[in-house]
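Notes follow once the structure below has been shown.
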Amino acid sequence: MTKFDTKLIHFGSEVDAATGASSVPIYQASTFHHHDIYNPPEYDYSRSGNPTRQALEEYITLLEGGVRGFAFSSGMSAISTTFMLFSAGDHLIVTEDVYGGTYRLLTQILSRMNIETTFVDMTDLSAVKAALRPNTKGVFMETPSNPTLKITDIAAVAAWASQHQLISMVDNTFMTPYYQRPIELGVDIVLHSATKFLGGHSDVLAGLAVARTEELGNQLKYLQNGLGTVLGAQESWLLMRGMKTLGARMERSETSARKLADWLQGRSDIPAVYYPGLASHPGREIQEKQSTGFGAVVSFDVGSQERAKQVLSRVKLPLVAVSLGAVESILSYPAMMSHASMPAEVRSERGITDGLLRFSVGLEDIGDLIGDLQQALEG
């Protein structure tokens, strides 16, 4: 069996069967001719199926080790479509420090449809179990969580969920299948904001989902088609192009992220550093058990909102922006960006302080990045 780095390049559609082209063709078509009305073609309308998008969907299915994959117009599109597996009256158990957009969907939109959510600290398996209700139907994990990088024991939660006939889901955006493959740990559905590390170049908005079983795959296909939450052909092609370099990018960025985390932890003026690769991280042992790396995102607390804004104003190299996972480093301020939709008191309860910054390490020289951050902290 080929290794993961080889699969990134040789995924089955890397050479066009018709022409020998070294790239999947972009089928920029909304509809397809029926040559024989009695024998419908494989593709009839691009919402229901497009050859370029299908190549991408088969690509992520191979990488995640599932049976069927789906490409959506954004990460939130993938998550919201997947949550449509549930019905009014159902209850979900969700990682407490989940991405702000997921929190907003659950608390402001799905709540209006009578889908209930209990947010728990998923580093504590007993807390997950205690949240079970007669109407619980699913468990949604985000690990490492965003932005405090807490680690959930995926296999333990998935096994418990299976015992209770719950659908288990994992947002695998931070780790990607390069470092973490939840389906191999028993998870039912893996989700990605492919805008981030999978795309890797800050130039495409996309979401992906992979199902472990044919039954779930058929349900997700029905929802994707029914809701029309599909990814376009151009974006599907861009995402495949980005994914081919995933291994090289993740390795380089993770090596730099470890150095950044060590440097930050060594500073007396940084109250807290969050990175699963640090020996002091409470989830490191579980991370090493279920993943082959620690990722390229480092969060750290500079002590106050005033100082956080000072750093954001002074840095020269990283983008100061929402998002992460790109070739360029991105420095984010969760309280005003990714988690602005989460009430201040809720952020505080989850450790998302006004002094917390999230650094997605790109491909720049790490010495330059550290030097730039040093002048921003000390200026």
Task: Closest approach of Y178 to G247 (non-hydrogen atoms, all atoms of both residues) - done: CE1-CA, 3.4 Å

Task: Main-chain N/O of T152 paired with T143 side-chain donor or acceptor, under 3.5 Å - done: yes

Open item on the list: So does S329 get a backbone contact from the side chain of E364, meaning a donor-acceptor N/O pair under 3.5 Å?
Closed with: yes

TODO: Could you tell me whether the side chain of R258 and the main chain of E254 form a donor-acceptor pair under 3.5 Å?
DONE: no

Open item on the list: Is there a path of hydrophobic side-chain contacts, each under 4.5 Å between heavy atoms of I/L/V/M/F/W/Y residues, joining F86 to V190?
Closed with: yes

TODO: Specify the closest pair of heavy atoms between G66 and V210, including all atoms of both residues, with the distance to one decimal.
DONE: CA-CG1, 3.7 Å

Open item on the list: Please find the pair of heavy atoms, one from E142 and one from D97, that lie closest to each other, and give the distance.
Closed with: OE2-O, 3.7 Å

Task: Atom of P276, atom of P144 and distance for their closest heavy-atom approach - done: CG-CG, 4.3 Å

Task: Side-chain touch L363/S253, heavy atoms, less than 4.5 angstrom - done: yes

- [ ] Determine which pairs satisfy side-chain hydrogen bond (donor to acceptor under 3.5 Å, both in side chains) with at least one residue from residues 306-318, sequence neighbours left out, and list them in order.
- [x] D269-R307

TODO: For the residue pair T173 and N146, establish whether any side-chain heavy-atom pair is separated by less than 4.5 Å.
DONE: no

Task: CD/E215: more than 12 non-hydrogen atoms of other groups inside 6.0 Å - done: no

TODO: For Q219 and L216, run side-chain contact (heavy atoms from CB on, under 4.5 Å): C-alpha distance rounded to whole Å, both residues' side-chain angles, the deciding distance at 0.1 Å, then the answer.
DONE: CA-CA 5 Å; Q219 291 179 58; L216 280 173; 4.1 Å; yes

- [ ] Flag yes if V320 and V298 sit in one hydrophobic cluster, no otherwise; membership is Ile, Leu, Val, Met, Phe, Trp, Tyr, and two members link when side-chain heavy atoms are under 4.5 Å apart.
- [x] yes

Open item on the list: Any non-hydrogen side-chain atom of Q265 less than 4.5 Å from a side-chain atom of I270?
Closed with: no

Task: Same apolar cluster (I L V M F W Y, side chains within < 4.5 Å links), L231/L205 - done: no

Open item on the list: With a 3.5 Å distance limit and no angle check, can you tell me whether R181 reaches the backbone of E64 through a side-chain donor-acceptor pair?
Closed with: no

TODO: Quick one: pull up CZ in F197 and CZ in R249 and give me the separation to the nearest 0.5 Å.
DONE: 8.5 Å

Task: Heavy-atom side-chain contact between Q290 and I151 under 4.5 Å - done: yes

Open item on the list: Suppose the criterion is salt bridge (Lys or Arg N to Asp or Glu O under 4.0 Å): which pairs have a residue in residues 3-18, not counting sequence neighbours?
Closed with: none

Open item on the list: Please evaluate residues L239 and I60 with respect to the criterion side-chain contact (heavy atoms from CB on, under 4.5 Å), reporting the C-alpha separation (whole Å), side-chain torsions for both, the decisive distance (0.1 Å), and the verdict.
Closed with: CA-CA 11 Å; L239 183 51; I60 191 60; over 6 Å; no

- [ ] Using salt bridge (charged side-chain N to carboxylate O under 4.0 Å, His left out) as the criterion, list what pairs up with E378, not counting sequence neighbours.
- [x] R267

TODO: Any pair with a residue in residues 197-214 that passes side-chain hydrogen bond (donor to acceptor under 3.5 Å, both in side chains), sequence neighbours left out, goes on the list, sorted by first then second residue, please.
DONE: D188-R212, S202-E328

Task: Donor-acceptor contact below 3.5 Å, side chain T176 vs main chain L198 - done: no

Task: Pair F83-F140, ring-ring contact (aromatic ring centres under 6.0 Å, His included): steps then yes or no - done: CA-CA 10 Å; F83 278 144; F140 184 91; 5.3 Å; yes

Task: Hydrophobic cluster membership, V139 vs V94, 4.5 Å side-chain cutoff - done: yes

Task: Distance in Å, D44 CG paired with E42 CD, rounded so as to fall on 0.5 Å steps - done: 10.5 Å

Open item on the list: Looking at K244, I'd like to know if its NZ atom is crowded, meaning that more than 12 non-hydrogen atoms belonging to other residues, nucleotides or ligands lie closer than 6.0 Å.
Closed with: yes

Open item on the list: Please list all pairs meeting salt bridge (Lys or Arg N to Asp or Glu O under 4.0 Å) that have one or both residues in residues 149-177, counting only residues at least two apart or in different chains.
Closed with: E96-K150, D153-K289

TODO: To the nearest 0.5 angstrom, please state how far the CD atom of E116 sits from the CG atom of N135.
DONE: 5.5 Å

TODO: Could you check if a side-chain atom of F70 sits within less than 4.5 angstrom of a side-chain atom of T61, using non-hydrogen atoms only?
DONE: no

TODO: Please check if L238 and L324 belong to a single hydrophobic cluster, counting links between Ile, Leu, Val, Met, Phe, Trp and Tyr side chain heavy atoms closer than 4.5 Å.
DONE: no

Task: Residue that, paired with M141, satisfies side chain to side chain contact (heavy atoms under 4.5 Å, CB included) out of V128, N172, V98, T95 - done: T95

- [ ] Please assess V120 against D124 for the test side-chain contact (heavy atoms from CB on, under 4.5 Å), listing each intermediate value before the final yes or no.
- [x] CA-CA 8 Å; V120 302; D124 181 359; over 6 Å; no

Task: Interatomic distance, L149 atom CG to H281 atom NE2 [nearest 0.5 angstrom] - done: 6.0 Å

Task: Check: T52 side chain, P25 main-chain N or O, donor-acceptor pair, under 3.5 Å - done: yes

Task: Test item: S291 side-chain N/O and E288 main-chain N/O as donor-acceptor pair under 3.5 Å - done: no

TODO: Please identify each residue that fulfils side chain to side chain donor-acceptor pair (under 3.5 Å) with T136, with sequence neighbours left out.
DONE: H91

- [ ] Would you check if there is a donor-acceptor pair between the side chains of Q224 and T81 at a distance under 3.5 Å?
- [x] no

TODO: Enter the distance from Y179:OH to F294:CZ here, rounded to the nearest 0.5 Å.
DONE: 9.5 Å

Open item on the list: I'd like to check L220 versus R68 (side-chain heavy atoms, cut-off strictly below 4.5 Å). Are they in contact?
Closed with: no

TODO: Heavy atoms only: give me the nearest R358-S323 pair and the separation to one decimal.
DONE: NH2-O, 3.1 Å

- [ ] Return the orientation label for the H164 and W160 ring planes: parallel under 30°, perpendicular over 60°, tilted otherwise.
- [x] tilted

Task: Y43 side-chain N/O to S48 backbone N/O, donor-acceptor pair under 3.5 Å - done: no

Task: Plane angle bin for F119 and Y103 - parallel if under 30°, tilted between 30 and 60°, otherwise perpendicular - done: tilted

- [ ] Provide the closest heavy-atom pair for Y45 versus S30 in the form atom of the first, atom of the second, distance.
- [x] CD1-O, 3.1 Å

Open item on the list: Once rounded to the nearest 0.5 Å, what's the spacing between atom CD1 of I366 and atom OG1 of T255?
Closed with: 10.0 Å

Task: Verdict with supporting geometry, Y333 and Q305, side-chain contact (heavy atoms from CB on, under 4.5 Å) - done: CA-CA 10 Å; Y333 187 32; Q305 182 183 82; 3.1 Å; yes

- [ ] Determine yes or no for a side-chain-to-main-chain donor-acceptor pair under 3.5 angstrom, with N50 supplying the side chain and Y27 the backbone.
- [x] yes

- [ ] State, with a plain yes or no, whether a side-chain heavy atom of L356 is found less than 4.5 Å away from one of P147.
- [x] yes

- [ ] Decide yes or no for V157 and I93: does some side-chain heavy atom of the first lie under 4.5 Å from some side-chain heavy atom of the second?
- [x] no

Open item on the list: Tell me whether S46 contacts the main-chain N or O of T31 through its side chain, where contact means a donor paired with an acceptor under 3.5 Å.
Closed with: no

